[in-house]
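As the structure lists them, so they are numbered: ligands from 1, and atoms in each ligand from 1. It should be emphasised that the depicted structure is a prediction, and the values quoted were computed from it without experimental measurement.
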Amino acid sequence: MSDAPKPLVFSGMQPTNTLHLGNYLGALKNWVKIQERMPCIYCVVDMHAITAEAGYAKPAELIRSTREVAAAYIAAGVDPTRSILCNQAQIPAHAELAWIFNCVARLGWLDRMTQFKEKSGKHKERASVGLYTYPVLMAADILLYKATHVPVGEDQKQHLELARDVAQKFNNDFGAPDFFPLPEPVIQGPGTRVMSLRDGSKKMSKSDESDYSRINLTDGADAIAQKIRKAKTDPAPLPDSEKGLEGRPEAENLINIYAALADEPRAAVIAQFAGQQFSAFKVALADLAVARLTPVAAEMRRLLADPAEIDRTLKAGAARASAIAEPILADVKKLVGFLV
Ligand code: TYM
């Protein structure tokens, strides 16, 4: 049990509404790169999706979205023969470990979660209990496989810290200091916090009422170009240094998006467009976004035309995932003292 942990990547996305540019640049694009270096498990977290209204009591919608997110993973370049692609609900061990972790995590830890505060809004008492314990299920997702690396966008950082706290407390409380590794967040590159196209101080999000605030992964070329043309900017030309982006959140966001899509450092993008007007920059950005995103959307459509094949891929992935998870869960139960 005291061997150095083997590198393993785990990450997931919720199948609620359609995926957007933030999901793509903050997570998916990095997942594809990291699978070259490490074994990976990429999960469609359908059990998380029912914690909030967007995914609750909409069964047909949830199944459709689960397939759509799986298709997006593959279309973006996740290779399901190499990486494990699965959906959470087909692997009961996630729920079993989450229950044990509900007894490890402290109320005070969950009370600090900013995403719960944002999502539950003014009426906390009307939020589901699942929404509150959501980060505990997330910790179970990761630790069920003893995953060591978790590529996510910046908004998941606090949840990752909670997963580390759960791992550490479990290890201490059950006298198994090296049992769970402390998973490392992998939050890299200029796309880790993509902001709304209408308001540079707000995160690009599935739940924003305005469709003009985000670019959906399934948007066509015209919609992408139009949304970028209408994106909020300020009247000054583009700056000639990173420092010149200070206090200009919309400009910073568009530069970040360009850099992430082009796979170039931010400084190189700034050098290329320094002093230009936004009108010219937006044309270049729209061309780049269309070139990068529309092939992904086309591949998603092709894959979704054969839902049975997606279902087979998810089932095969669940079997591979369970084979890793089951022995770990059995060890956990032994440590806890369950007679099984
Ligand atoms: P979810 O479904 O909200 O988002 C999926 C991924 O997209 C990233 N993301 C963004 N990145 C940059 N800019 C944005 N505007 C933006 N919006 C979303 C998120 O950071 C995330 O990486 N709790 C997770 C799902 C989850 C999970 C896990 C992740 C469940 N279990 C275990 C990792 C490991 C979530 O709701 O992501």
Side-chain angles (χ1 to χ4, degrees), residues 8-31 34 40-52 54-55 65-66 68-70 72-73 76 78 86-89 91 94-95 97-98 101 113-116 118-119 130-131 133-145 147-164 166-167 183-208 213-217 249 252-253 256-257 259-261 321:
L8 176 70
V9 173
F10 183 95
S11 200
M13 286 192 193
Q14 291 192 67
T16 34
N17 306 321
T18 45
L19 298 183
H20 54 73
L21 186 64
N23 300 129
Y24 179 68
L25 296 178
L28 206 39
K29 202 164 165 287
N30 295 333
W31 296 5
I34 214 170
C40 300
I41 302 173
Y42 294 128
C43 191
V44 184
V45 291
D46 42 7
M47 284 158 59
H48 277 103
I50 63 165
T51 59
S65 279
T66 299
E68 188 176 283
V69 172
Y73 290 3
V78 168
C86 55
N87 65 304
Q88 204 182 18
I91 308 156
H94 285 256
L97 187 60
F101 284 174
M113 295 294 114
T114 53
Q115 204 160 85
F116 174 76
E118 282 161 23
K119 287 195 178 173
L131 187 67
T133 63
Y134 176 119
V136 175
L137 177 58
M138 183 164 160
D141 296 340
I142 299 164
L143 296 170
L144 182 58
Y145 305 97
T148 52
H149 294 77
V150 186
V152 283
E154 215 171 271
D155 60 345
Q156 297 301 315
K157 202 171 168 187
Q158 196 184 32
H159 291 161
L160 256 295
E161 280 158 15
L162 186 123
R164 291 168 65 91
V166 168
E184 293 286 344
V186 182
I187 302 176
Q188 269 168 2
T192 55
R193 191 165 171 78
V194 177
M195 309 306 280
S196 156
L197 299 179
R198 309 300 290 166
D199 178 351
S201 67
K202 262 172 52 184
K203 195 181 71 167
M204 184 178 285
S205 139
K206 306 174 200 189
S207 52
D208 196 314
S213 69
R214 68 184 156 261
I215 294 173
N216 301 309
L217 223 46
E252 181 170 22
N253 188 36
N256 282 346
I257 292 174
L261 282 170

Checklist line | Atoms in ligand 1 with a heavy atom of Gly191 nearer than 4.0 Å | finding: 12 (C)
Margin query: So, taking the atom named OG1 in Thr133 and the one named CG in Leu131, what distance separates them when rounded to the nearest 0.5 Å?
Written below: 8.5 Å
Next item on the list: Grab the two heavy atoms, one from Met204 and one from Leu197, that are nearest each other, plus how far apart they are.
Entry: CE-CG, 4.0 Å
Item checked: atom 10 (C) of ligand 1: nearest protein contact (heavy atom, Å) -> Gly22 O, 3.4 Å
Output side-chain donor-acceptor pairs under 3.5 Å for residues 149-157, partner residues at least two apart or in another chain, one line each.
| from | atom 1 | to | atom 2 | distance (Å) |
| --- | --- | --- | --- | --- |
| Asp155 | OD2 | Lys203 | NZ | 2.8 |
| Gln156 | OE1 | His159 | ND1 | 2.9 |

Item checked: Test item, Met195 contacting ligand 1 (heavy atom, 4.0 angstrom) -> no
Note to self: What I want to know is whether His159 and ligand 1 share at least one N or O pair that is separated by under 3.5 angstrom.
What the structure shows: no
Checklist line | Of the listed options His48, Lys157, Lys202, closest to atom 30 (C) of ligand 1 (non-hydrogen atoms) | finding: His48
Margin query: Regarding ligand 1, does Lys119 bring an N or O atom to under 3.5 Å of one of the ligand's N or O atoms?
Written below: no
Check: Which is it for Val194 and ligand 1 at heavy atoms under 4.0 Å: side chain, backbone, both or neither?
Finding: both
Note to self: Show the atoms of ligand 1 that are less than 4.0 angstrom away from any heavy atom in Val150.
What the structure shows: 33 (C), 34 (C)
Notebook entry, point to check: If every non-hydrogen atom of Thr18 is compared with every non-hydrogen atom of Glu68, which pair is closest and at what distance?
Noted result: CG2-OE2, 3.3 Å
Next item on the list: Give the single entry among Leu25, Asn23, Val9 that approaches atom 7 (O) of ligand 1 most closely by any heavy atom.
Entry: Asn23
Check: Taking only heavy atoms of Ala27, which atoms of ligand 1 are found under 4.0 Å from at least one of them?
Finding: 6 (C), 7 (O), 22 (O)
Checklist line | Gln158 side chain to Thr114 backbone, donor-acceptor under 3.5 Å | finding: yes
Notebook entry, point to check: Looking only at heavy atoms, which two atoms of Leu137 and Ala98 are closest? And how far apart?
Noted result: CD1-CB, 3.7 Å
Next item on the list: Determine, for Lys202 against Asp208, whether the closest basic-nitrogen to carboxylate-oxygen distance falls under 4.0 angstrom.
Entry: yes
Next item on the list: Looking only at non-hydrogen atoms, find the nearest pair between Cys43 and Phe10 and report the distance.
Entry: CB-CZ, 3.5 Å
Check: With no hydrogens and no angle check, is any side-chain donor or acceptor of Lys206 less than 3.5 Å from a backbone partner on Ala54?
Finding: no
Check: Which of the atoms in ligand 1, numbered in the order shown and given with their element, are less than 4.0 Å from a heavy-atom of Gly26?
Finding: 11 (N), 12 (C)
Notebook entry, point to check: Can you find an N/O atom of Phe10 closer than 3.5 Å to an N/O atom of ligand 1?
Noted result: no
Check: Yes or no on side chain to side chain contact (heavy atoms under 4.5 Å, CB included) for Arg198 and Arg214, after CA distance, side-chain angles and deciding distance?
Finding: CA-CA 8 Å; Arg198 309 300 290 166; Arg214 68 184 156 261; over 6 Å; no
Margin query: With nothing but distance in play, are any N or O atoms of Ser11 less than 3.5 Å from an N or O of ligand 1?
Written below: no
Next item on the list: Please could you name the atoms of ligand 1 that Arg193 approaches to less than 4.0 Å, counting only its heavy atoms?
Entry: 12 (C), 13 (N)
Next item on the list: Before giving the answer on side chain to side chain contact (heavy atoms under 4.5 Å, CB included), spell out for His20 and Val194 the whole-Å C-alpha distance, their side-chain angles and the decisive distance to 0.1 Å.
Entry: CA-CA 10 Å; His20 54 73; Val194 177; over 6 Å; no
Note to self: What protein heavy atom lies closest to atom 3 (O) of ligand 1? Include the residue and the distance to one decimal.
What the structure shows: Gln14 NE2, 4.1 Å
Check: In terms of residue, atom name and distance, what is the protein heavy atom nearest to atom 28 (C) of ligand 1?
Finding: Met138 CG, 3.4 Å
Note to self: Taking ring pair (Phe, Tyr, Trp, His ring centres under 6.0 Å) as the definition, give me every residue that meets it alongside Tyr42, ordered by chain and number, with sequence neighbours left out.
What the structure shows: Trp31
Check: In terms of residue, atom name and distance, what is the protein heavy atom nearest to atom 22 (O) of ligand 1?
Finding: Gly153 N, 3.2 Å
Check: Under 3.5 Å, N or O to N or O, is Tyr134 touching ligand 1 that way?
Finding: yes
Next item on the list: Report, in ascending order of atom number, the atoms of ligand 1 lying under 4.0 Å from any heavy atom of Lys203.
Entry: 15 (N)
Checklist line | Numbering as shown, the atoms of ligand 1 that approach Thr192 to under 4.0 Å (heavy-atom distance) | finding: 11 (N), 12 (C), 13 (N)
Note to self: Among all the protein's non-hydrogen atoms, which is closest to atom 20 (O) of ligand 1, and how far away is it?
What the structure shows: Asp155 OD1, 2.4 Å
Checklist line | N or O pair under 3.5 Å between Pro151 and ligand 1 | finding: no
Item checked: atom 25 (C) of ligand 1: the protein heavy-atom neighbour that sits closest, reported with distance to 0.1 Å -> Gly12 O, 3.6 Å
Margin query: Considering non-hydrogen atoms of the protein only, which is the closest contact for atom 5 (C) of ligand 1, and what is the distance?
Written below: Met13 CG, 3.3 Å
Notebook entry, point to check: If you look at every heavy atom in Gly55 and Ile50, which pair is closest and at what distance?
Noted result: O-CG2, 3.6 Å
Check: What atoms of ligand 1 come within less than 4.0 Å of a heavy atom belonging to Lys206?
Finding: 2 (O)
Margin query: Is any side-chain heavy atom of Leu25 closer than 4.5 Å to one of Asn256?
Written below: no
Note to self: When you measure from the heavy atoms of Gln115 to every atom of ligand 1, does any distance fall below 4.0 Å?
What the structure shows: no
Item checked: Residue portion contacting ligand 1 (non-hydrogen atoms closer than 4.0 Å) for Val152 -> both
Note to self: So which atom in Asn253 and which in Ser196 form the shortest heavy-atom distance, rounded to 0.1 Å?
What the structure shows: ND2-O, 3.7 Å
Notebook entry, point to check: Short question: side chain of His48, backbone of Tyr134 - any donor-acceptor pair under 3.5 Å?
Noted result: yes
Notebook entry, point to check: Under a 4.0 Å heavy-atom limit, does Leu28 contact ligand 1 with its side chain, its backbone, both, or neither?
Noted result: neither
Check: Any idea which protein heavy atom is nearest atom 31 (N) of ligand 1, and the distance to it?
Finding: Asp141 OD2, 2.6 Å
